[in-house]
Amino acid sequence: MKHYLSINDIDSVSEWVEDALTLKKDPFASEKLGKQRTIGLLFFNNSLRTRLSTQKAALNLGMKVMIMNFGKDGWALEFEDGTIMDKGNAEHIKEAAQVVSQYCDILGIRAFASLKNQEEDAAEVVINSFKKYASIPVLNMESSLSHPLQALADAITIEEYKKSVQPKIVLSWAPHPKALPQAVANSFIEIMQLQNVNFTITHPEGYELDPKVTKNSRIEYDQDKALKDADFVYAKNWSNYKDYGKVINQDKNWMITQKKLGGAKFMHCLPVRRNVVVEDAVLDGNQSLVIAQANNRTFAAQIVLKKMLETLK
Ligand code: CP
């Protein structure tokens with residue numbers, strides 16, 4: 001494996017989940033693998049979990065870590081080819097990506113969707129440009145369209161907590177005051193489609209995600225019906241895909257409550273808006289897996305980095 005950009009870069013989800021759980025039991029077993037290797041983590045957007053868990057994963061593998069808040073501290077990058085750079089952007093991606101490649105062996109990039117221009121977001125300009133011009137493998141730490149490290153951590157968490165061979169898993173849209181990207185939902189759907197699970201997506205009408213992602217996953221517009229007998233409820237807001245990037249619904253009735261949850265486990269990628277997305281009673285109760293998910297971010301990142309390191313010469 002070279003890059004880890006999407007769920008499609010996982011050759012066997014079940015094997016990777018199993019490998020991650022093995023590694024979780026003995027996190028320092030491969031600490032020699034990353035000796036004298038450096039990972040560079042470039043953040044164009046904020047982060048708590050991705051930043052610290054990826055750093056921890058790299059350290060567990062014996063790597064050195066360099067982190068830069070590129071959006072804030074780096075020169076503003078130009079991505080267009082052939083531009084006359086006489087405006088705000090000071091550095092071209094062609095130099096920036098090649099320069100970073102001199103300092104690192106693996107490069108992690110976080111660059112969210114702008115939610116302003118659907119075509120540009122779909123083209124994944126930032127991460128694909130680094131992939132194009134860097135000479136080292138690129139790790140997706142959440143791009144416009146996907147968050148494959150989060151989805152892998154979610155699959156690991158479900159494997160740890162499931163009580164039946166084919167659990168019922170529901171991804172439920174939840175309200176949020178701000179426009180959020182679709183990346184987490186996209187990657188969760190993609191990884192669920194590769195698992196032996198009974199999977200349903202529920203959201204208000206009009207909040208359909210990209211049909212190329214949802215494919216033939218079951219969509220149920222009645223949240224109560226969708227949540228019935230669920231084993232896991234994954235709440236996530238996403239902004240509108242059709243009316244791209246807009247918040248067209250803030251219906252509080254879609255918030256996950258203890259009553260709606262029933263006996264299911266609750267999942268969310270965090271950060272989460274309390275009493276908007278989900279009520280306190282759920283997050284503070286013993287059915288919430290949000291901290292377990294955050295813990296598994298380390299082992300998801302570690303299994304991915306281990307596989308990337310194994311392909312380096
Ligand atoms: N879930 C997640 O990616 O968290 P951060 O945005 O804090 O990294």
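Here the structure is a predicted model, which means the values were calculated and not measured. Read the numbers this way: they start at 1 and go in the same order the structure lists the ligands and their atoms.
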Problem - Proximal ligand 1 atoms for Leu48, defined as those under 4.0 Å from one of its heavy atoms - result: 5 (P), 7 (O), 8 (O)

Exercise for the section: Find all atoms of ligand 1 within a distance of less than 4.0 Å from any non-hydrogen atom belonging to His147, and give their numbers and elements. Expected result: 2 (C), 3 (O)

Handout entry: Contact (N/O only, under 3.5 Å) between Glu142 and ligand 1
Key = no

Exercise for the section: State the atoms of ligand 1, each with its element, that fall below the 4.0 Å cut-off from a heavy-atom position in Leu270. Expected result: 1 (N), 2 (C), 4 (O)

Exercise for the section: Could you verify whether a donor N or O on one side chain and an acceptor N or O on the other, from Lys24 and Asn296, lie under 3.5 Å apart? Expected result: yes

Practice task
Before signing off on this row, confirm whether Gln150 and ligand 1 have an N or O atom pair separated by under 3.5 Å.
Solution key: yes

Completion exercise
Note: ligand 1 atoms sitting under 4.0 Å from heavy atoms of Cys269 are 1 (N)

Exercise for the section: Inspect the contact between Glu124 and Lys131 and indicate whether a charged nitrogen and a carboxylate oxygen are less than 4.0 angstrom apart. Expected result: no

Fill in the blank from the handout: The answer for which part of Val184 has a heavy atom under 4.0 Å from ligand 1 is neither

Exercise for the section: Would you check whether Phe112 has a nitrogen or oxygen atom less than 3.5 angstrom from a nitrogen or oxygen atom of ligand 1? Expected result: no

Exercise for the section: Check the angle between the aromatic planes of Tyr234 and Phe188 and answer parallel, tilted or perpendicular using the 30° and 60° thresholds. Expected result: tilted

Handout entry: Aromatic ring pairing Phe130/Phe79, orientation class (parallel under 30°, perpendicular over 60°, tilted between)
Key = perpendicular

Handout entry: Presence of salt bridge, Asp19 and Lys307, under 4.0 angstrom
Key = yes

Problem - Backbone of Ala281 reached by a side-chain donor or acceptor of Glu279 within 3.5 Å - result: no

Handout entry: contact_flag Arg297 ligand 1 heavy-atom lt 4.0 Å
Key = yes

Problem - Ala226 backbone acceptor or donor facing Lys168 side chain under 3.5 Å - result: yes

Handout entry: Which segment of His268 sits under 4.0 Å of ligand 1 when only heavy atoms are counted
Key = neither

Practice task
Could you check whether the rings of Phe266 and His268 sit parallel, tilted or perpendicular, using 30° and 60° as the cut-offs?
Solution key: parallel

Exercise for the section: Classify the angle between the aromatic ring planes of Phe44 and Phe70 as parallel (below 30°), tilted (30 to 60°) or perpendicular (above 60°). Expected result: tilted

Exercise for the section: Using distance alone, determine whether Pro271 and ligand 1 share an N or O pair under 3.5 Å. Expected result: no

Handout entry: atom 6 (O) of ligand 1 - nearest protein heavy atom and its distance
Key = Arg110 NH1, 2.8 Å

Handout entry: Arg49-ligand 1 polar pair, N/O distance under 3.5 Å
Key = yes

